[in-house]
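Numbered from 1 within each chain, the chains take letters A, B, ... in sequence-line order. Every heavy atom of this structure was used, including side-chain atoms; hydrogens, water molecules and symmetry mates were not.
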Amino acid sequence: MGDNVDDDSLYTIKEGDYVVLKRGDVFKAVQIQTKKKVIFEKQWFFLDNAVGQLYSTTFELASGGILQPRKPKDPESSTDTKGAGTDNRNIQDDGKSQKLTRDDIETLKEQGLKGQEIIQQLIDNSSTFKDKTEYAQDKYIKKKKKKYENIVTILKPSCRILAMMYHGREPGKICHLRYDTLAQMLTLANIHANSKVLVFETCAGLVLGSVMERMGGFGSVIQMYPGGGPVRAGVESFGFPAHFHDTLHEFPICHLNALIAGTLDTTAKDPSADLKESDMAAEVKTEAEVKTEAEQKGSPEDQSMETNSGADGSLVPKKEEEEEKRREAKAQEKKVKQEEKRKKLAAAASLLEGRNADGLVIASRFNPCPVLMALLKFLSPSRPFVVYSQYKECLIECYTKLKEQGGTVNLKLTDYWLRHYQVLPNRTHPVLLMSGGGGYLLSGTTVVGGGSKPAASRRDEEPAPKRQKVTETEG
Amino acid sequence: MSFVEYSDCIQDGDVAIVYLGHESMTPVKVKRGAQTQTRYGVIRHSTDLIGQRYGSKVTCSKGGWVYVLHPTPELWTVNLPHRTQILYTTDIATITMMLELKPGSVVCESGTGSGSLSHAILRTIAPTGHLHTVEFHQQRSEKVLEEFKEHRVDHMVTVRNQDACKDGFGVTGVADAVFLDIPSPWEAVRHAKAALKKHVLE
């Protein structure tokens, strides 16, 4: 199943691709551009040699900043132990066991010795190496490899890799959303192809991109954004094919109340502020106005030409002509852009108006409560929603309000613990536990109703008679 | 209704989740003429369910009410009849992300068990992906296939009743991801390698 040609091209690095560089646990998202210097982990290099290779290839950084694909070789067979000790009772940690000085090592580096060779030199010049246990020797070699072996792996971007990258490099940009919490969000919100999802996030586009990845270009995603424009830097790093962007819409949060009230006007307006009836008429009229404006601009131009030609000669009218043309062109462009913006707004508004969205994901640095209450109105009944917050206090507030208002079931406030394990023969054990640092999630499912009086619940019906009796005797 | 696509109204033959209260839900096979007993009374499928919107409140005979929810893999996980110990949503979510599953992915899984993870995988890889799942217990493999059919996802899954450690997954060189949850997973590693696409192995 599958053309070999297609498979190959999907997994081959091409120029212009967005990729992720990896060295150890450090990631960096870049775009492959030939002859462009890239800096990563204090090394400068060019990515030219990467084009044509398969993703997940590990490269060695040769001198001059060129990448060379690394041939897989037997692990550590060249630095095999010539015997090892049993324990460290006689090993003094006095910092004097390494005979090579810093300068010596620098010289070796300058001579162009490969990382592997430098490490061998270090081992040979260490007086305590042979006394270490095998495991300690392994650990020593690993440590030196991390420092001296210049390798880079080039990966295809995915939600997992980008989430790890952002969490490691710039957690502040993503509200300290840990990648396992992101995984929970995507699953709890039932993000899948052919659904309509609302996303409100200030996580540099990471959450938006992850949602888009799970939708696979099917269905639609509407990004609600605060302020002037949507922030989507992270989405680019995913390297989605062009048609994915057709499924992405945006809608400004400042117009949300108008949309709810039904007073949002998405028809075209001209600068003289006359309301138009239909979109078609609006478009025609806008074009006509542009023409008349241009004509009007034309006449002062003529006038200025006439007045100046006599006084200053032929150059001045030409300059003014060019300036006028530029101004016209700019105004034209502005009009076209405004029209496009209006069209997009109208498209997003029409998607929202049906109030039949299938999922809601909120992850931002703002207090989620008002956003959540407003956006829940746009979901169909029996659809999941997920709210992420770095702090549980705001989510507790949301939880309380939702309980009062009704219209949601299965409300759960959760946080997640993540534990990494070191996996080595006879040395497998947990490394550390990350808890409380990954943020909190509030999740639930919408149902019909909401805004209904809590007195309608059956719990109040039963004890009501009893209560009356008590008040009578007390009164 | 389908576990991989939403629909608005309940229809005959659907599987719906009835919400009775906090942490109390039950799956219901909607069938014309059938009835479901709850502690709030009887739900008559023909009048109370069929044609109603998912998410609606349904009043039962004794006067109490319940909500009827559209099935999702998450709701199914907490409501399915256990034939084995299952994976729960928290682990499933992490697995889904770490395996980089998305629409179009081809996945191999063993053991299928009660199908909790399988449903979640199917939801994520729909509509263009495929799941090859292996279960060595005959009755369990039959039961899970029956459920896939009822949940309208059987076109995306192939259930094989064999031992993954001995006979592998039944396919080679097609998988984007392999998941093993079996007593001796190391015995299936070579089959996992064979099942994976060659580029994924690099």
Self-check item: Residue B:Ile17 versus chain A: region with a heavy atom under 4.5 Å
Solution: neither
Quiz item: Which residues pass the side-chain contact (heavy atoms from CB on, under 4.5 Å) test with A:Asp17, sequence neighbours left out?
Solution: A:Lys14, A:Val19, A:Ile32, A:Tyr55
Self-check item: Exercise: do A:Tyr11 and B:Lys198 side chains pair donor with acceptor under 3.5 Å
Solution: no
Quiz item: Would you call the rings of B:His130 and B:His132 parallel, tilted or perpendicular, where under 30° means parallel and over 60° means perpendicular?
Solution: tilted
Quiz item: Is chain A contacted by the side chain of B:Tyr54, its backbone, both, or neither, given a heavy-atom distance below 4.5 Å?
Solution: both
Quiz item: Has A:Phe218 got more than 12 heavy atoms of other residues, nucleotides or ligands less than 6.0 Å from its CZ?
Solution: yes
Quiz item: Which answer fits B:Val171, side chain, backbone, both or neither, if we ask what part of it has an atom under 4.5 Å from a heavy atom of chain A?
Solution: neither
Exercise. Name, in order of residue number, those residues of residues 104-125 of chain B that have a heavy atom at a distance of less than 4.5 Å from a heavy atom in chain A; otherwise write 'none'.
Key: B:Arg123, B:Thr124
Practice problem: Inspect the surroundings of CG in A:Asp246 and state if more than 12 heavy atoms from other residues, nucleotides or ligands are less than 6.0 Å away. | Solution: yes
Self-check item: For B:Glu147, all residues meeting side chain to side chain donor-acceptor pair (under 3.5 Å), sequence neighbours excluded
Solution: B:Arg83
Self-check item: Modelled atom types, side-chain donor and acceptor of B:Thr89 and B:Glu74, under 3.5 Å
Solution: no
Self-check item: Among A:Glu213, A:Arg383, A:Met215, A:Lys412, residue most engaged with chain B (heavy-atom pairs, under 4.5 Å)
Solution: A:Arg383
Quiz item: Of the backbone (N, CA, C, O) and the side chain (C-beta and beyond), which part of A:Tyr416 lies under 4.5 Å from a heavy atom of chain B, both, or neither?
Solution: side chain
Practice problem: Give a yes or no on whether a salt bridge exists between B:Lys31 and B:Asp12, defined as a side-chain N under 4.0 angstrom from a carboxylate O. | Solution: no
Exercise. Kindly say whether the aromatic ring centers of B:Trp76 and B:Phe3 come within a distance under 6.0 Å.
Key: yes
Quiz item: Just by distance, with hydrogens left out, do B:Tyr6 and A:Asn194 show a side-chain donor and acceptor under 3.5 Å apart?
Solution: no
Self-check item: Close contacts, residues 159-170 of chain B versus chain A, judged by heavy atoms under 4.5 Å
Solution: none
Quiz item: For chain B, which of A:Ile161, A:Thr446, A:Thr58, A:Asp358 has the most heavy-atom pairs under 4.5 Å?
Solution: A:Asp358
